[in-house]
Amino acid sequence: MILPLHQLVRERIARTVREVYALADADLPPIVVQSPPERALGDLAVPLAFELARRLRKAPRAIAQEVAAALGAIPGVARVVAAPNGYLNFYLDRPAFLRARLAGELPRGPAPAEKAVVEHTAINPNKAAHIGHLRNAALGDTLGRLLRFRGQPVEIQNYIDDTGVQVADVVVGFRELEHKDFEAVRRVADSTRFDYYCWDLYSTVTEWYESDKERLKIRTATLHDIERGGNENARIGAFIADRIVRCHLATMGRLGIDYDLLTWEGDILRLKFWDHAFDALKAKGAVFRQEQGRLAGCWVMTIEDESAEAEGPDAGEPDAEDAAESREKVIVRSDGTVTYVGKDIANQFWKFGLLGWDFHYRVFDRRDGGHPVWATTSDASAAETGGAPTFGRAGVVYNVIDTRQSYLQKLLKQALGAMGYQREAERSIHYAYEMVALSHATARALGYDAAAEAGRPFVEVSGRKGLGVKADDLLDRLIDAAHGEVVKRNPDLPAEETRRIAETIATAAARYFLIKFSRGKVIAFDIDEALSFEGETGPYLQYAVVRANNIFRKLREREGVEVAAFVAALGETPADSLESADGDELWDLVLEASRLDEMAEQALRTLELSVLAKYAFGLAQKFNGFYHKYPILNEDRPDVRRWRAAAVAYVRDQLTRTLDLMGCRVPSRM
RNA sequence: GCGCCCGUAGCUCAGCUGGAUAGAGCGUCGGCCUCCGGAGCCGAAGGCCACAGGUUCGAAUCCUGUCGGGCGCGCCA
C-alpha cells in the first residue's frame with residue numbers, strides 16, 4: 001500500500017517548507033501527491049511549487065530546487081528531483097519498497113471508528129429482481145466492502161417494503177384474477193419459480209387496472225387490509241413478501257452479496273415507530289398542521305429551497321402564499337394516514353439510534369449454513385432468545401438508491417436537521433446513481449416493440465409492464481456462455497469444477513459490468529455487451545490472476561519451490577536488475593499494484609466505485625503486458641528471476657484483493 | 001416553470017483535489033502461438049473534449065450563459 005508513504009512525504013515537505021520560508025501552517029496550501037504521467041519522471045509528484053510561487057514571488061522552478069535541496073533523506077525515498085517546470089519528483093527505493101510490501105503491509109492510518117450503515121437492494125418483494133436492482137446491490141455491496149477494507153465497522157441493511165402497493169397488487173392478482181386463497185397461493189409458491197410467477201402476475205394486474213380504473217378501489221382496499229393485519233389478504237401479502245425476499249436473497253447470493261439485517265416496513269408500522277418520530281417532529285415544530293388552502297388538515301414539512309432563499313424575503317408578492325404552499329410536503333394526510341416519507345423518516349431516525357425505540361430481532365436465514373441474516377420483528381415472542389447483535393446506532397448512513405429519489409432523500413436530511421441533529425443530517429448520505437435502461441437492440445430481443453420510443457436513447461425498464469432483464473436470467477446466460485468457453489479450453493476438467501468455474505466467471509462478468517460505469521451515467525444495458533468476456537471485463541481481470549497463479553503452480557510442480565522461498569531470498573539478492581533501466585517496467589508494475597489503498601480512498605471520497613474497476617483493469621493490463629514480455633520460469637539469471645517472481649506475487653495478491661472488493665473471486669483455471 | 005444529472009474517437013465509456021504529450025474497451029485494418037495457456041500481446045487509423053464567454057501561471061476539469069438529451073418536482077410508493 002502506498003498511502004503511508006504519501007503521508008510521510010507530505011509531512012516532510014510541510015516541515016521543510018515551513019522552515020525554509022518561515023511560513024505558518026495556515027499559509028501552507030494542501031500538499032497534493034500525484035502520480036506522474038510517465039514513470040521516467042518519477043514515482044510520486046508534488047506540484048506544490050506552483051501554489052507557493054505567487055505568495056513567495058518566486059519562480060516555481062527555483063522553489064522546487066530549494067525545497068528539494070533542503071528536504072534531507074526520507075526513508076524509502078531514493079532521490080528527489082526538482083523538474084525544470086517546477087514539479088517536485090520523488091524516486092523511491094525500489095528493492096526496499098518491494099521487500100517491505102511482501103514482508104507484510106505497513107500499518108494503515110487510523111480508520112473511522114464510527115459504524116457505517118449501508119442500506120441497499122430494497123426491492124419491492126412482489127416480483128423477481130432485474131438488472132436495475134442488480135446495479136443497486138452491486139454498488140451497495142462494493143461500497144460496504146470498501147468501508148470494511150478501510151477498517152470501518154459496517155452494517156448492511158436491506159429495507160423490505162412488505163406493506164406497500166406493489167405487494168398489494170400481487171395479492172389482488174391472486175385473489176381477483178386467479179381466485180386463490182392462502183393455501184392455493186402457497187401451493188403455487190411451492191411448485192413454481194415464485195418470483196417469476198409474480199413478475200408475470202404483477203404486469204397482468206397492472207393491465208387489468210388500466211382497462212377499468214374502478215378496479216383501483218380494490219387495490220386501495222387490499223392495501224388497507226395489509227396495513228391493518230389480521231385478515232386473509234394480510235396473510236397472503238406477508239407470505240408473498242417472505243417468499244419473494246428469499247428469492248431475492250438467493251439471487252444476490254449468487255453474486256456474493258449478503259446482508260446483516262432485513263428491516264421490514266410492517267414492523268415499523270406495528271411498533272408505531274412513526275408515532276414516536278411524529279411526536280418528536282411536532283415537539284420541535286419540524287412539522288405543523290396546515291389549516292387552510294388545498295393542504296388543509298395535513299401535517300406538512302416545509303421544504304428548503306435554496307433558490308428561493310437566495311432571492312431573499314419578499315412576502316409582498318401577490319403569489320407568495322401559493323409559492324410557499326407549493327414548498328410544503330405532506331407527511332400525514334388529512335385522513336390521518338402517514339405517507340411513505342413519514343415511514344422513511346422514522347427509519348432514518350432509528351438507523352442513527354435517535355428514535356428511542358428498537359425492533360425485536362429474529363434470524364431470517366443462514367448463509368452457507370453459518371452467517372445469520374437477521375430480520376426485524378414486532379413480535380417479542382418470535383425474537384431470538386439468545387439475543388441479537390446491536391443494530392442501527394450508526395455514525396454514518398449510506399442509502400443506496402437511484403437518483404430519482406433524490407428529492408425524498410433530501411427531505412430525510414432536512415428532517416434530521418430540523419430536529420437539531422445537524423451531525424446526523426450531514427452524515428445522512430444519499431448514494432445516488434442513475435438507472436439501468438435497455439438498449440434498443442436488447443429491448444427488441446426481449447420482444448418489446450419500442451417503435452414509439454425509437455427516437456429516445458434507450459428503453460426504460462418497467463417492473464409494472466414486466467419489461468426488463470431478470471437478474472437470474474442474466475446470470476444463467478452468463479454461466480452458459482462461460483461454461484462453453486471453459487469446456488472449450490479445459491475439456492478434461494470434471495463437470496463439477498467446470499460448473500464452479502463458469503459460475504465464478506459469470507459473477508465477475510456481471511459485477512464488473514455493473515461497477516465500471518460512473519454512477520451518474522444511465523446504463524443502456526446491452527445483452528451482447530454484458531455477455532462479452534474480452535477487453536474491459538471481469539473475466540479479463542480473473543485471467544490475469546489465473547496466469548500469475550499458473551506460474552507459481554508450475555514452479556511448485558516442476559521445482560518444488562514456493563513463493564515464500566523467493567520472498568525470503570530477496571534479502572540477499574542483488575537488486576541491480578531492478579534499479580537499472582532494465583527494471584523500469586517491473587517497477588512500474590509493482591508501484592501500480594501498491595496503489596490499491598489510494599484508489600479505495602478515492603472511490604470512497606468521491607463515491608465513484610468505477611475508480612476501483614478502472615484501477616483493477618489498468619493493473620491487469622500492465623500485468624498482461626509484462627507477462628508477455630518477461631519470462632519467469634524460463635529466465636536463467638537467478639537474481640532477475642527472483643525479482644520478477646516476487647513482483648508478480650505481489651501484483652497477484654493486490655489484484656486478488658481488488659477483485660475481492662468488487663465481490664469477484666479467482667477461478668482455479670480458465 | 002424550477003431542481004438534479006449527462007454531453008470527450010464510428011459506438012460504449014475513463015480522465016483524480018485544476019497540472020506534464022486527452023486515454024481505454026468494442027468495432028475496422030495489419031502483425032504475434034516450438035515458449036509461464038491467444039478470455040492474451042504488439043501496431044495503425046480515428047478528437048472543434050456540445051457551443052460561447054470568464055477565472056487561473058495552467059481548464060476536458062472551476063464559474064456564467066446557450067443548445068441538445070435524461071430524470072425528478074403528488075394527500076403515489
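Throughout, protein chains are lettered first and strands after them, A, B, ... in sequence-line order, and every chain is numbered starting at 1.
The separation of B:C32 from B:A22, taken at their P atoms, amounts to 32 Å, rounded to a whole angstrom. Rounded to whole Å, the P atom of B:A45 lies 15 Å from the corresponding atom of B:G30. Comparing the same atom, C1', in B:C11 and in B:G46 gives a spacing of 12 Å after rounding to whole Å. A gap of 13 Å separates the C1' atoms of B:U61 and B:U56, to the nearest Å.
Not a single donor-acceptor contact under 3.5 angstrom links the side-chain atoms of A:Asp344 to the base of B:A77. One donor-acceptor pair, N or O on each side, does fall under 3.5 Å between the base of B:C75 and the side chain of A:Ser334. Checked by distance alone, A:Asn85 brings a side-chain donor or acceptor within 3.5 Å of a matching partner on the base of B:A20.
For the pair A:Asp492 CG and B:G37 C1', the interatomic distance rounds to 14 Å; values are reported in whole Å. Atom pair A:Ile515:CD1 and B:C13:C1' shows a separation of 15 Å (rounding to whole Å applied). Straight-line distance from the NE2 atom of A:His430 to the P atom of B:G3: 20 Å, rounded to whole Å. Protein atom CD1 of A:Ile268 is 14 Å distant from nucleotide atom C1' of B:A77, rounded to whole Å. Between the CG atom of A:Leu223 and the P atom of B:A77 there is a distance of 8 Å, given to the nearest Å. Put simply, OH on A:Tyr433 is 13 Å from P on B:G72, counting in whole angstrom units. Rounded to an integer number of Å, the gap from A:His628 NE2 to B:C36 P is 13 Å.
For A:Lys521, the listed nucleotide lying nearest its side chain is B:C13; candidates were B:C36, B:C13, B:G40. For A:Glu460, whose side chain is taken as the heavy atoms from C-beta onward, the closest listed nucleotide among B:C71, B:G40, B:C73 is B:C71. Closest to the side chain of A:Gln602, out of B:C16, B:A77, B:A39, is B:C16. The nucleotide whose nearest atom lies closest to any side-chain atom of A:Phe458 is, among B:C41, B:C36, B:G70, B:G70. Counting only heavy atoms from C-beta on, A:Glu536 has its side chain closest to B:G25 among B:A77, B:G25, B:A39. Among B:G37, B:G70, B:G25, the nucleotide with an atom closest to any side-chain atom of A:Pro457 is B:G70. When each of B:G25, B:A20, B:C75 is scored by its nearest atom to the side-chain atoms of A:Val330, the top-ranked nucleotide is B:C75. Comparing atom distances between the A:Thr606 side chain and each of B:G40, B:G70, B:U17 picks out B:U17 as nearest. The side chain of A:Tyr540 sits closest to B:G40 out of B:G40, B:C75, B:C57. Picking from B:A39, B:C75, B:A77 the nucleotide with the shortest atom distance to the side chain of A:Arg294 gives B:C75.
Residue A:Arg333 places none of its side-chain N or O atoms closer than 4.0 Å to OP1 or OP2 of B:G74. Side-chain nitrogen and oxygen atoms of A:Arg605 include at least one within less than 4.0 Å of the OP1 or OP2 phosphate oxygen of B:U17. Between A:Tyr340 and the phosphate of B:A77, there is no side-chain N or O to OP1/OP2 separation shorter than 4.0 Å. For A:Arg456, a side-chain nitrogen or oxygen approaches OP1 or OP2 of B:C71 to under 4.0 Å. Residue A:Asn624 has no polar side-chain atom (N or O) positioned under 4.0 Å from OP1 or OP2 of B:G40. An OP1 or OP2 oxygen of B:G15 is reached within less than 4.0 angstrom by no side-chain nitrogen or oxygen of A:Tyr615. For A:Lys614 and B:G25, the shortest distance from a side-chain N or O to OP1 or OP2 is not below 4.0 Å. Neither OP1 nor OP2 of B:C71 sits under 4.0 Å from any side-chain N or O of A:Gln405.
Residue A:Met599 is classed as having no contact, given no heavy-atom separation below 4.0 Å to the nucleic acid. Using a 4.0 Å heavy-atom distance criterion, A:Asn89 is classed as a base contact. Residue A:Glu529 is in sugar-phosphate contact alone, with no base atom involved, counting any heavy-atom pair closer than 4.0 Å across all strands shown. Counting non-hydrogen atoms under 4.0 angstrom, A:Leu408 reaches a base of the nucleic acid. Nucleic acid contact class of A:Ala524 (heavy atoms, under 4.0 Å, all strands): none.
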- In dot-bracket notation, what is the pairing pattern of RNA chain B, taking Watson-Crick (N1-N3 plus N6-O4 or O6-N4) and G-U wobble (N1-O2 and O6-N3) contacts under 3.5 Å, with [ ] crossing and | for other strands? (((((((..((((.....[...)))).(((((.......))))).....(((((..]....))))))))))))....
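A:Tyr627 and A:Phe623 have tilted rings, their planes meeting at an angle from 30° to 60° on a 0 to 90° scale.
Between A:Arg219 and A:Phe50, it is A:Phe50 whose nearest contact on RNA chain B lies nearer the 5' terminus. Nearest-nucleotide positions on RNA chain B for A:Ile505 and A:Ser406 put A:Ser406 closer to the 5' end.
By the 4.5 Å heavy-atom criterion applied to side chains, A:Arg553 and A:Arg669 are counted as neighbours.
Sorted by first and then second residue, the pairs that involve residues 519-534 of chain A and meet side chain to side chain donor-acceptor pair (under 3.5 Å), not counting sequence neighbours, are A:Ser439-A:Asp526.
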